[in-house]
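Structure record follows, encoded as structure tokens.
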Amino acid sequence: MAFSYCHSLFPPLQPQNPKPANFKNLKLPRNKSSLRSPSNLIPWNSLITKHRRQGSIQAALLTFFELRKSGIPPDSFTLSVLISVVQELADISLGCQVHALSIKFGYWGEEFVANSLIQMYASFETIDNALRVFEGMSDSASVVSWNSMIAEFVSSELFSGGLKLYGDMQRVGVEPTPTTLSSVLKSCANLKAVSEGKQVHAQVIVRGFVPNEILETVLVDFHCRCGEVENGRLVFNQMKNRNVFSWNSMIRGCSQIGYREEALMCFQAMRRGGITPDKFTYNAILAAAATEEDNHNLPREFRLIHASVIKAGLVMDRFIGTSLIAVYSRNHCLREAKLAFEDTNSTDMAVWSSMISATVKNREGQEAINLFVRMLGLRIEPNSYIFSSLFLACSDLSAIEVGKQIHGYSFKIINSLDSAAKNSLMTMYSNCGFLTEAMTMFDSISNPHLVSFNSMISVLAQHGLPNEASKAFKDMESFGLKPDDITLLNLLSAFNHAGLVSEGLELFASMEKMHGVKPKYQHYACIIDMLARAGEIDQAIGLINQMPFRPEPSLWRIVLGACGKHQNIGIGVQVAEKLIELEPHEATNYVLIANVYARLGRLAEAENIRHLMRDKGLKKEEGLSWIEIKRKMYKFRVEDKSHPQSKEIYDKLRDLMNKITSTGYEPDVSFTVHDIEEERREESLWYHAEKLAFAFGVISTGEGVKLRIMKNLRVCGDCHSAFKHFSLITKREILLKDNYRFHHFRDGACSCGDYW
DNA sequence: ATTACTGCCC
């Protein structure tokens, strides 16, 4: 708005030789009749001031130009008003010119002129200039100058600089005002400088500055932000008058540390007290809701609050919008989050960023990419945070081609991605089977943090590289970083995947002593998985019974799976009974026990279990495989014939199967479905989804090209064996990602060493 | 005849 004002003020510039606006080439209007020409300065100053007070910035400036033409030199009164006029125009080059005028007429160190200049430069967000003026003031600096300067440090988030300035102010003997102390307290709150802030609190009392609504509000905020809500509450309770600011601070304070009920009670008390909540209030109260994690039944009161937000006409507010998105998203209500998002109708990057991140967290990667495309269509510039979310979306979708495209695009938009985005890229490349690229990405992080190392160790664990994971762990320690629970979990999982039982047990036993991390449920689950898969089923069950957590059914399922692998029917049946009692409607439990029987050749019993399952109307999760060819993802089911090239795919697959049969592949019928006739059993193995995906990959790419295949369930033993042979006869590397780990097939062998 | 400093959201 200020700029359009400038345009009406200044004559059009010469098109060939545009010059910046300045005082010299101004053409003034001719109707001077309205402007008298007083011969002494005071009436001029009064007139300029009057115009400014009335909001007539243009008239104020014009009057000043008239004064210059009259030849009367301006004084400090003129200049201080003029500076505040220019400040409102928000034109930095005009600002520099009035600064120059102040120097020219010798008033640059005068208190009022300098104060105005500091204020002006502060409003232009050029703190260096403000500081230069301030430093030039020497003795003329008043408490207003100090306050302006300290406030400017605080609003530039240079909190310790603000505190330092306050110290200087005390040293030169300038007495603080309530304004000073509120800025100082804000610094303390941000720096979590508890004892300094408390000293200031004492000053507030000693100097008799209370009651003062602003100062008390800052005090509430200070105590809450330093984690001492009770102290904040104390200040709040002693306040004579509470306005919307003070209530907001109190509600915010409660919600920030998860006092959800307290926050709600404040909210209600506030409304009872006749104070209308504003957008800050709603935001604070929604933040309280957002802190609740995994609350599948979003409390009714928050739907009511959303209703109030709509009624108050605040749905378009970007802060409210992001809060609503966060609340719904965390509670797995993505549909509602999307509605709140559409209600904002916003082009604000942060709003889009929250929505994209919400979709990714709810595992709707494709939707995240759709949103991104829509966002680009609106010419909203993505930031590093959005890119990070998108990389995770691609990781989740295993969509490497799209991921690379977005990675490439990010170079065009952003100079360098932050380390969070690089961590996401690492995960993406790894998850899509590009281990080398993931490691390169790690190396490109100039100052890797804990999260970067954690991601790297997790990547190495998933790819079955325990030695490399241990090395990364040691590198991390030599970087001076202390491992957290995630680091240790990832390292345990590296040992688990590789079957390094004694290393795993050793690390598990030393977690608390060596690294000060108490094993959590996940650590126990990892070790139990490791023991069970290694055949130490009794030991695994022993640990389940003695761990300080209640085992989830999924833990028993791990044991049951291991019983199948190690053909332990005795424990298998016991565990299956327990599981079916706990979760009578979970199909996997029936499938697992049926597999235990099948592996032992007890096909009739296996069949009975499957019938039982079918009678209950339960269906096992369908096995699916994906392969990405030329930026398109192709999905296959078992015996899938939906692909247009289906005939070619089946021909190729039959050809491949016949070839590997002659190189020593033997079908393992224990992996077949058991309700089909004996003679069809072998053949049904041929058309498992991952084999179809592989055959499609072979006919769709050139010779020797590495193929990457994804699967939603764990790879079956027969496919694992077939893929080893495939890698040999097609001379291709094959990467198969199942829901547990990566298998790199090459020259007839798999990276997992057949241990998975 | 003059300037101006403070509180609550992603």
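Throughout, protein chains are lettered first and strands after them, A, B, ... in sequence-line order, and every chain is numbered starting at 1.
At a threshold of 4.0 angstrom between heavy atoms, the contacts of A:Glu213 include nucleobase atoms, whether or not backbone atoms are also involved. Residue contacts for A:Ser148: at a heavy-atom cut-off of 4.0 Å it reaches the sugar-phosphate backbone alone, with no base atom in range. Counting any heavy atom pair closer than 4.0 Å across all strands shown, A:Arg242 reaches no nucleic acid atom. Counting any heavy atom pair closer than 4.0 Å across all strands shown, A:Ala284 reaches no nucleic acid atom. Backbone-only contact: A:Ser116 has heavy atoms under 4.0 Å from sugar-phosphate atoms and none from a base. A:Asp75 comes within 4.0 angstrom of a base, heavy atoms only. Backbone-only contact: A:Arg252 has heavy atoms under 4.0 Å from sugar-phosphate atoms and none from a base. Residue contacts for A:Val218: at a heavy-atom cut-off of 4.0 Å it reaches the sugar-phosphate backbone alone, with no base atom in range.
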Under 3.5 Å, which donor-acceptor pairs link side chains of residues 160-168 of chain A to any protein atom two or more places apart or in another chain?
residue: A:Tyr166; atom: OH; partner: A:Gln170; partner atom: NE2; Å: 3.3
residue: A:Asp168; atom: OD1; partner: A:Arg171; partner atom: NH2; Å: 2.9

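Looking at A:Leu425 and A:Met428, their side chains come closer than 4.5 Å, going by heavy atoms from C-beta outward. Counting only heavy atoms from C-beta outward, the side chains of A:Cys254 and A:Glu261 never approach each other to under 4.5 Å.
Using cut-offs of 30° and 60° on the angle between ring planes, the pair A:Tyr328 and A:His306 is tilted.
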Chi angles and distances behind the side chain to side chain donor-acceptor pair (under 3.5 Å) call for A:Asp91, A:Ser93: CA-CA 6 Å; A:Asp91 182 327; A:Ser93 91; 3.3 Å; yes
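Where DNA chain B meets chain A (any atom under 4.0 Å from a heavy atom), the bounding nucleotides read 5' to 3' are B:dA1 to B:dC10.
Looking at residues two or more places apart in sequence or on another chain, you find a side chain to side chain contact (heavy atoms under 4.5 Å, CB included) between A:Leu339 and A:Arg335.
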